[in-house]
Undergrad: 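Encoded as structure tokens, here's the structure I'll be asking about.
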2 protein chains.
Amino acid sequence: MKIKLCYADRMTESASKIVSSHQVPVPLPECALARAIRAIGDGWTLLILREALCGVERFDAMHDDLGIPRSVLAERLSKLVAEGILEQRPYREPGRRQRNGYVLTEKGRALTPALVALREWSEAHLPGGPSRLRLQTADGQEVVTRLMRADGVVLDNSSEIVAVAKPE
Amino acid sequence: MKIKLCYADRMTESASKIVSSHQVPVPLPECALARAIRAIGDGWTLLILREALCGVERFDAMHDDLGIPRSVLAERLSKLVAEGILEQRPYREPGRRQRNGYVLTEKGRALTPALVALREWSEAHLPGGPSRLRLQTADGQEVVTRLMRADGVVLDNSSEIVAVAKPE
DNA sequence: AACTTGGGTATGAAAAATGGACTCAGGTGA
DNA sequence: TCACCTGAGTCCATTTTTCATACCCAAGTT
């Protein structure tokens with residue numbers, strides 16, 4: 001997947017044609033969402049982050065859980081470490097030699113809301129029955145995501161959201 | 001990416017070894033998050049959803065914006081339509097023949113919180129400067145996502161979230 | 001009739017994923 | 001000591017996707 005570094009001229013030539021605030025071609029390099037997708041937007045990477053969120057740290061455990069080819073897992077793990085989303089944590093079991101596991105960094109843990117939102121969407125809109133994966137607080141309450149306005153008012157899911165391009 | 005249909009035996013054999021509530025290998029088919037990732041977790045698909053969220057409806061506009069190969073775009077769009085995330089909306093410009101655009105269904109719009117969360121993560125943790133893509137309410141206030149407990153209390157981002165497997 | 005345009009297909013080359021074998025280091029048991 | 005085991009990878013041949021470019025088609029325009 002080769003993401004283009006810049007938009008074609010469509011934006012400039014069509015800028016005056018934008019009537020509604022919809023139809024907003026923000027150039028990819030100036031879009032935080034596009035950058036996030038470039039960083040973690042691939043199926044195996046997201047599943048690896050799910051494992052990490054569940055506290056699975058070891059190469060072989062991830063390999064067994066996901067059925068991912070070892071070479072792909074190795075490549076994705078090192079990419080996530082290079083990006084600062086995972087870090088290696090050496091550990092040793094009694095009577096075993098030292099090995100490294102992979103755990104989320106602060107930056108990696110900050111992806112929790114996105115993963116929770118995906119989980120909620122899936123439960124609400126995809127077939128497959130209820131999820132056995134629960135994400136909860138230390139005191140056992142389920143965690144959910146909600147859209148809010150910047151002033152803290154929670155939005156119901158019928159509210160209209162519009163995408164606009166900030167003037168450069 | 002071939003996601004395994006079921007876990008290896010690790011879960012059953014290791015079930016008693018789970019000490020902390022971390023290390024929770026929920027089988028992939030019983031995990032809503034895994035199902036969401038299988039449905040939309042690939043880079044081009046996420047970028048197409050971003051276009052749709054921005055109100056871009058036409059094949060050629062998406063092609064120009066993303067630089068995606070036409071064949072890949074055609075394949076992804078038809079998959080999204082088959083999954084009920086996008087729907088074709090025929091339109092005709094004056095003096096032009098009828099064509100179809102692609103717009104989000106209700107199910108597709110329900111992905112907004114996940115995409116907003118990704119955008120926020122990117123702005124907070126990836127380099128690249130501020131995003132020009134703004135998501136806001138009709139009255140112009142920025143929209144954000146927040147983690148909450150089920151009882152409505154907003155969690156700050158230092159709160160500990162634990163993943164647990166519901167008993168089957 | 002010839003030309004244009006949006007919205008796709010077809011095709012061959014290039015890149016990535018897959019699955020299985022192989023490696024390597026350190027610990028264990030005989 | 002030496003053969004063997006294990007976790008954590010690397011290597012490689014085969015298959016599958018992507019990529020880029022060219023081509024196609026239907027309706028409207030000149």
Undergrad: Whole angstrom is fine here: how far is it from CE in A/Met62 over to P in D/dG7?
TA: 16 Å
Undergrad: Does either side chain, that of B/Tyr102 or that of B/Gln88, offer a donor lying less than 3.5 Å from an acceptor on the other one?
TA: yes
Undergrad: Let me spell it out: for each of A/Arg92 and A/Ser71, pick the nucleotide of DNA chain C with the closest heavy atom. Which residue's pick is nearer the 5' end?
TA: A/Ser71
Undergrad: Nearest nucleotide by nearest heavy atom, which residue falls closer to the 5' end of DNA chain C, B/Phe59 or A/Gln98?
TA: B/Phe59
Undergrad: Any donor-acceptor pair under 3.5 Å linking the side chain of B/Glu120 with the backbone of B/Val144?
TA: no
Undergrad: Can you tell me if A/Lys2 touches the phosphate of D/dA20, counting only side-chain N or O atoms and a distance under 4.0 Å to OP1 or OP2?
TA: yes
Undergrad: Tell me if a side-chain donor or acceptor on A/Ser122 pairs with a main-chain N or O of B/Arg35 at a distance below 3.5 Å.
TA: no
Undergrad: Check whether more than 12 heavy atoms from other residues, nucleotides or ligands sit under 6.0 Å from atom NZ of B/Lys79, and answer yes or no.
TA: no
Undergrad: Can you measure B/Ile68 atom CD1 to C/dG7 atom P for me and round it to whole angstrom units?
TA: 15 Å
Undergrad: Can a donor-acceptor pair under 3.5 Å be found between the side-chain atoms of B/Arg99 and the base atoms of C/dG7?
TA: no
Undergrad: Please state whether the phosphate of D/dG7, meaning OP1 or OP2, lies under 4.0 angstrom from any side-chain nitrogen or oxygen of A/Tyr102.
TA: no
Undergrad: Under 3.5 Å, is there any donor-acceptor pair linking the side chain of B/Arg70 to the base of D/dA20?
TA: no
